[in-house]
Amino acid sequence: GIGKTDKEISAVRVAGLKGPTSIGMVKMMEDASIGKSALPYEFSIFGTADEVTPKLLQGELDIAAVPANLASALYNNTDGAIQVIAINTLGVIYITEVGDSVHSLNDLRGKTIYATGKGTTPEFGLRYLLAENGIDPDKDITIEWKSEATEIVALLKENESGIALLPQPYVFAAKAALPELRVAVDLDEEWTRLENGSRMVTGVAIARKDFIEKNPDLIRDFLAEYKASTEYVNANISESASWVEKFGIFQAEVAEKAIPYCNITYIDGSEMRTAMEGYLNVLFEQNPKSIGGKIPDDGFYRAG
Amino acid sequence: MEIRVENIRKRFGEKIAIDCFSAVFPVGGTTCIMGPSGCGKTTLLRLMMGLIEPDEGTIIGMPERKSAVFQEDRLCENFSSVANVRLVCDPHVTREEIIGNLSEIGLGESLFAPVHSLSGGMRRRVAIVRAILAESDIVFMDEPYKGLDAALKKQVVSYVQEHTRGKTVLIVTHDEKEAHDLGCGILLMPANGPEEDKAPD
Amino acid sequence: MEIRVENIRKRFGEKIAIDCFSAVFPVGGTTCIMGPSGCGKTTLLRLMMGLIEPDEGTIIGMPERKSAVFQEDRLCENFSSVANVRLVCDPHVTREEIIGNLSEIGLGESLFAPVHSLSGGMRRRVAIVRAILAESDIVFMDEPYKGLDAALKKQVVSYVQEHTRGKTVLIVTHDEKEAHDLGCGILLMPANGPEEDKAPD
Amino acid sequence: MAALALGRSLLLVSPLDVVIRLARLSSTGSFWASVAFSFFRICLGFLAALSAGMVLAFLAARVKTIEIMLWPYMAAVKATPVASFIILCLIWIGSGGLSVFISFLMVLPIIYTNVLQGLHSFDPKMEEMATLFGVTPLRRLYYFHIPQIRPFLLSACGVAIGLSWKAGIAAEVIGIPSGSIGERLYEAKIYFSSADLFAWTAVVVLLSIGFEKMFVALMKRSFDQMEKI
Amino acid sequence: MAALALGRSLLLVSPLDVVIRLARLSSTGSFWASVAFSFFRICLGFLAALSAGMVLAFLAARVKTIEIMLWPYMAAVKATPVASFIILCLIWIGSGGLSVFISFLMVLPIIYTNVLQGLHSFDPKMEEMATLFGVTPLRRLYYFHIPQIRPFLLSACGVAIGLSWKAGIAAEVIGIPSGSIGERLYEAKIYFSSADLFAWTAVVVLLSIGFEKMFVALMKRSFDQMEKI
Ligand SMILES: Nc1ncnc2c1ncn2[C@@H]1O[C@H](COP(=O)(O)OP(=O)(O)OP(=O)(O)O)[C@@H](O)[C@H]1O
Ligand SMILES: Nc1ncnc2c1ncn2[C@@H]1O[C@H](COP(=O)(O)OP(=O)(O)OP(=O)(O)O)[C@@H](O)[C@H]1O
Ligand SMILES: [Mg+2]
Ligand SMILES: [Mg+2]
């Protein structure tokens with residue numbers, strides 16, 4: 001695929017992961033499957049980012065939806081072989097509770113939280129937000145890190161009142177197993193409330209830099225269609241949910257309830273850059289390795 | 001007192017190993033068993049040892065404590081002669097006793113070498129000492145003296161006779177001279193059914 | 001022409017198995033090797049077979065193609081008599097030939113049973129037929145007739161004599177009568193060094 | 001005690017629920033498609049490793065240099081955690097082939113080590129016999145080596161088939177190829193659906209047992225057959 | 001070819017980088033703490049499984065009913081994917097003990113199956129001999145069974161030690177107990193630090209090889225020792 005120009009391309013090859021970051025594309029996928037999309041697409045859904053990144057670098061894929069910090073690490077580790085073209089998902093991490101004692105981050109003082117995602121976005125995000133709200137994440141509260149969301153649900157089931165940090169779609173899966181579970185704090189909301197221009201970015205779309213350079217029009221068309229697709233999905237939840245299942249992202253039942261809380265968005269251009277830079281800064285301060293060792297330079301962002 | 005084998009019959013699948021055979025063995029004495037190859041001598045011993053069950057017939061009067069020199073040596077290959085003998089001895093049999101017995105029939109040089117490095121005749125002698133030193137009232141010996149030269153055989157025979165005094169001893173042999181020299185009763189086993197007509201000579 | 005064993009010496013670790021031994025064997029004839037147990041007969045055969053190397057001395061004039069009846073039978077336990085013989089035969093030896101040979105010495109009844117179910121004397125005969133049917137110029141036989149009754153032995157001896165005409169045959173035996181009956185040269189091996197003083201009788 | 005109770009409440013399904021779920025699942029076509037998908041790949045990995053392991057073991061038994069040269073590779077194959085090379089695997093063979101490869105890697109050292117040990121523990125007396133009679137390599141194989149490795153190969157297969165399923169399904173749970181049992185397990189896990197989880201686990205164990213029983217019986221029969229000539 | 005090149009470029013580290021990284025790592029105290037943490041747990045799992053597997057195999061060889069009763073358990077232990085019971089394990093034994101348990105589960109069926117096969121392939125003629133002479137069970141063990149299982153146990157250990165490391169580290173990558181090699185691998189993976197990834201992988205393989213060499217040599221020596229009485 002490397003080296004082809006606009007005219008030679010038979011299809012734009014797009015990849016997504018099984019998870020919220022792919023939901024925004026389902027309308028496009030549906031259109032493509034019935035031949036109604038503006039561009040010829042070839043979509044594929046993968047189980048793990050480990051499989052997507054090499055394919056992308058190898059030129060077997062053109063565009064992929066991946067976690068935000070992965071995009072940065074990939075950029076830093078490949079001397080800028082990729083660019084971020086849009087943010088597609090914002091924070092999907094929630095503090096949930098069985099009981100009714102937590103309504104803000106401040107209520108967490110002195111409590112114990114079960115959490116997944118040590119060393120990744122949930123940990124960095126939580127610690128950042130706690131610190132910004134004047135809570136010392138090491139002294140004022142106890143965080144018990146677990147490696148599996150399932151284990152947390154089991155623990156919640158045992159306790160009369162338990163607090164857990166969970167990402168989507170686990171929150172909804174957990175609610176199905178544990179109806180009294182309540183979303184207490186939306187970390188994304190807390191983040192936005194800081195009003196420093198950064199956002200809690202979860203998922204982004206990235207593309208190969210050489211693909212972008214050789215096919216500027218294609219990218220523009222793709223982004224336009226992507227934006228429309230995202231808007232459509234947020235507006236037509238149940239129809240989109242059925243597509244989520246159809247394309248093997250996850251079950252429709254879960255999707256239908258989860259979509260409104262999955263923070264599916266479309267942000268590009270300079271707004272994307274500000275949101276992203278702020279977010280990466282937070283990660284960098286907590287652990288430079290998590291974003292590939294350094295804050296990515298200008299070349300990381302596709303100029304809108 | 002005597003050991004009675006009555007109308008015993010044993011088949012292995014199609015093969016009839018022993019076909020309706022009876023015999024009486026005097027307790028406390030030595031009996032030689034002779035017969036053509038494949039007539040069922042080893043099978044008879046195994047039946048009397050209680051290792052296999054007869055299809056028909058009974059065996060009466062077998063003592064409890066048995067020992068044997070098997071047709072093959074059946075030694076623990078990687079262990080020494082002394083260890084092989086100790087395997088079957090009561091705890092009260094001392095190491096000196098074992099070494100003494102082995103030395104008595106010319107194995108004093110190879111007491112601690114693994115038996116797989118011994119010569120055929122040496123292995124045979126280890127098997128004989130093992131059968132002698134095991135606590136027993138009856139000793140089965142399936143061609144015990146094969147592989148021993150004439151001089152050695154004489155020595156071993158007298159060793160065995162001395163140490164089995166008062167015990168019941170059954171010896172399978174193909175050597176008529178040997179049987180006569182032992183001066184004991186001889187039991188001739190006929191070639192069994194199907195092989196009979198093809199028996200050599 | 002003759003096979004010459006010259007000043008051969010072999011030790012296993014500390015143990016001297018053969019101490020400076022020389023002998024000459026006529027090619028195309030039969031020679032009996034006799035000697036007390038443990039004097040190194042089997043070791044001599046293994047040296048001549050080329051299975052082990054002498055520490056000192058040389059062996060001259062050994063033919064290429066060899067076959068043997070080992071002191072133990074060394075059969076493939078789970079295979080039949082016929083299969084055991086076929087293992088060593090040239091492809092041109094037919095199944096009928098194998099069956100004919102086995103039947104000739106009384107194994108016609110047990111051609112296809114796995115050899116572990118055969119009696120001691122039957123197994124020995126399988127080993128003998130195997131040594132005979134293998135293409136060879138020299139046949140080593142380490143106590144080949146042990147475990148055979150008198151009548152059978154006569155039959156097997158004449159079978160072997162007939163089929164080894166013109167070949168060099170070395171037979172280890174402990175039976176002086178047997179050696180004389182074969183009417184061949186007899187080589188007496190002395191008990192080797194350290195064992196000598198303890199040799200029986 | 002508390003942990004035990006916790007575990008129990010987590011299961012939240014009775015064995016009956018699992019059986020019912022299993023019955024329902026097995027009446028769908030996609031169930032059988034998933035079973036076929038994973039069965040085919042895992043057995044392919046197993047059979048490839050069986051052949052490769054035996055060939056390598058025979059070579060190593062014949063030529064000591066080969067054994068010495070293979071040793072570090074086998075040690076690495078045995079001990080390297082999957083996490084360390086999963087990325088390379090995904091690049092080179094993709095998630096669809098991952099279970100074939102991982103099951104291959106799990107089985108190979110088991111077969112190799114056991115067969116080699118079997119060949120090494122060959123009776124030197126029989127070896128002498130074969131040398132003396134100038135038995136051809138092919139006949140040696142047939143008469144000595146195959147009977148000799150029999151118990152070693154049987155125990156290797158007995159353990160390797162089970163482990164190939166364990167490892168193969170684990171690979172599927174990582175790579176999540178569409179239409180595999182691993183994908184179903186993954187989904188059951190993220191949706192906290194214990195009934196599905198146990199139903200699919202039962203399927204895996206049953207498939208493994210079935211294949212093992214069949215394969216070992218077949219192998220025993222062919223061994224027996226070979227001795228009847 | 002392209003895939004190969006890509007693989008190489010993704011790695012982004014030369015073997016030299018890895019060696020340098022390894023040298024740097026090994027001069028820190030936390031390196032040795034991690035090594036000790038994982039080594040201790042994985043070996044514990046291995047040794048426990050070795051003992052349990054041998055005891056169970058001896059029982060099963062003596063009493064056919066036990067063998068039949070154990071069969072489904074062993075089959076399940078062998079084939080059940082870790083994903084299916086990881087949650088229960090995490091709850092019951094926590095992430096610290098997980099590697100002990102998973103390494104135990106990996107090793108148990110290998111030891112059990114091999115030793116049982118060894119005991120089953122015992123020569124019936126020697127069995128007859130022992131019966132006739134009324135050899136006591138303890139002496140049978142010493143004279144017959146231990147020499148008999150020797151090659152089977154050696155090959156089982158040869159393969160099981162490697163696999164116990166593979167499985168144990170995999171368990172640590174899942175459970176991420178603080179201060180374990182698994183945690184280091186996990187970090188190396190999520191931060192795309194290839195040099196660390198390969199350095200730690202090399203550590204695992206070297207530890208496994210070292211332990212295997214030592215343990216097998218020790219075992220051979222004790223076997224030889226036992227025959228010298
Ligand atoms: N386990 C067995 N399975 C099948 N057949 C057997 C078995 N044991 C013995 N036989 C057969 O029973 C017959 C008698 O065997 P046995 O070993 O008792 O003979 P024997 O008198 O001891 O002969 P030999 O003097 O040659 O040792 C033989 O034909 C043999 O093939
Ligand atoms: N592989 C070996 N390792 C150590 N010692 C051995 C080995 N083979 C033979 N010997 C020793 O060499 C000596 C001669 O053994 P050999 O088997 O040649 O005797 P032999 O003359 O055949 O005796 P027999 O008539 O008893 O068979 C014996 O003392 C034996 O212990
Ligand atoms: Mg007999
Ligand atoms: Mg000899």
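Keep in mind that the numbers below use all heavy atoms, side chains included, and drop hydrogens, waters and symmetry copies. What you see is a predicted model; the values in this text were computed from it and never measured. Below, read A as the first sequence line, B as the second, and so on, with proteins coming before strands; counting in each chain starts at 1.
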Note to self: Only pairs of heavy atoms separated by less than 4.5 Å count here; which of E/A75, E/A156, E/P72, E/S155 has the most with chain D?
What the structure shows: E/S155
Next item on the list: Output the option from D/V204, D/L154, D/L163 having the highest count of non-hydrogen pairs under 4.5 Å with chain E.
Entry: D/L163
Next item on the list: Compare every heavy atom of D/F215 with every heavy atom of D/C157, then report the nearest pair and how far apart it is.
Entry: SG-CE2, 4.0 Å
Notebook entry, point to check: What class does the angle between the rings of D/F211 and D/F39 fall in, given that below 30° is parallel, 30 to 60° is tilted and above 60° is perpendicular?
Noted result: perpendicular
Checklist line | Top contributor to chain D interface from E/A76, E/P151, E/S208 [non-hydrogen pairs under 4.5 Å] | finding: E/P151
Check: Counting heavy-atom pairs under 4.5 Å to chain E, which of D/M74, D/R150, D/K213, D/H120 comes out on top?
Finding: D/K213
Notebook entry, point to check: Is there a donor-acceptor contact under 3.5 Å from the side chain of D/K166 to the main chain of E/V77?
Noted result: yes
Checklist line | Close approach to chain D in residues 105-116 of chain E, criterion heavy atom under 4.5 Å | finding: E/M106, E/P109, E/I110, E/T113, E/N114
Notebook entry, point to check: Taking atom NZ of D/K220 as the centre, does the number of heavy atoms from other residues, nucleotides or ligands within less than 6.0 Å exceed 12?
Noted result: no
Note to self: Any carboxylate oxygen within less than 4.0 angstrom of a Lys/Arg side-chain nitrogen, looking at D/E67 and D/K64?
What the structure shows: yes
Checklist line | Residue part contacting chain D, namely of E/W200, when any heavy atom lies under 4.5 Å | finding: neither
Note to self: Sub-4.5 Å heavy-atom contacts with chain D: which residues of residues 47-62 of chain E show up?
What the structure shows: none
Check: Considering all heavy atoms of both residues, which atom of E/P177 and which atom of E/S180 are nearest to each other, and what is their separation?
Finding: O-OG, 2.9 Å
Next item on the list: Please collect all salt bridge (charged side-chain N to carboxylate O under 4.0 Å, His left out) contacts where either partner lies in residues 70-91 of chain D, sequence neighbours excluded, each pair once.
Entry: D/K78-E/E212
Item checked: Pairwise distance CD(E/Q117) to CZ(E/F152) - rounded to 0.5 angstrom -> 6.0 Å
Item checked: Closest heavy-atom pair and its distance - D/G182, D/V173 -> O-CG2, 3.7 Å
Check: At their closest point, which heavy atom of E/R41 faces which heavy atom of E/S99, and how far apart are they?
Finding: CB-OG, 3.6 Å
What side-chain donor-acceptor pairs closer than 3.5 Å can you find for residues 82-91 of chain E, not counting sequence neighbours?
from: E/S84; atom 1: OG; to: D/T201; atom 2: OG1; distance (Å): 2.7

Notebook entry, point to check: D/E172 and D/S38: side-chain donor and acceptor closer than 3.5 Å?
Noted result: yes
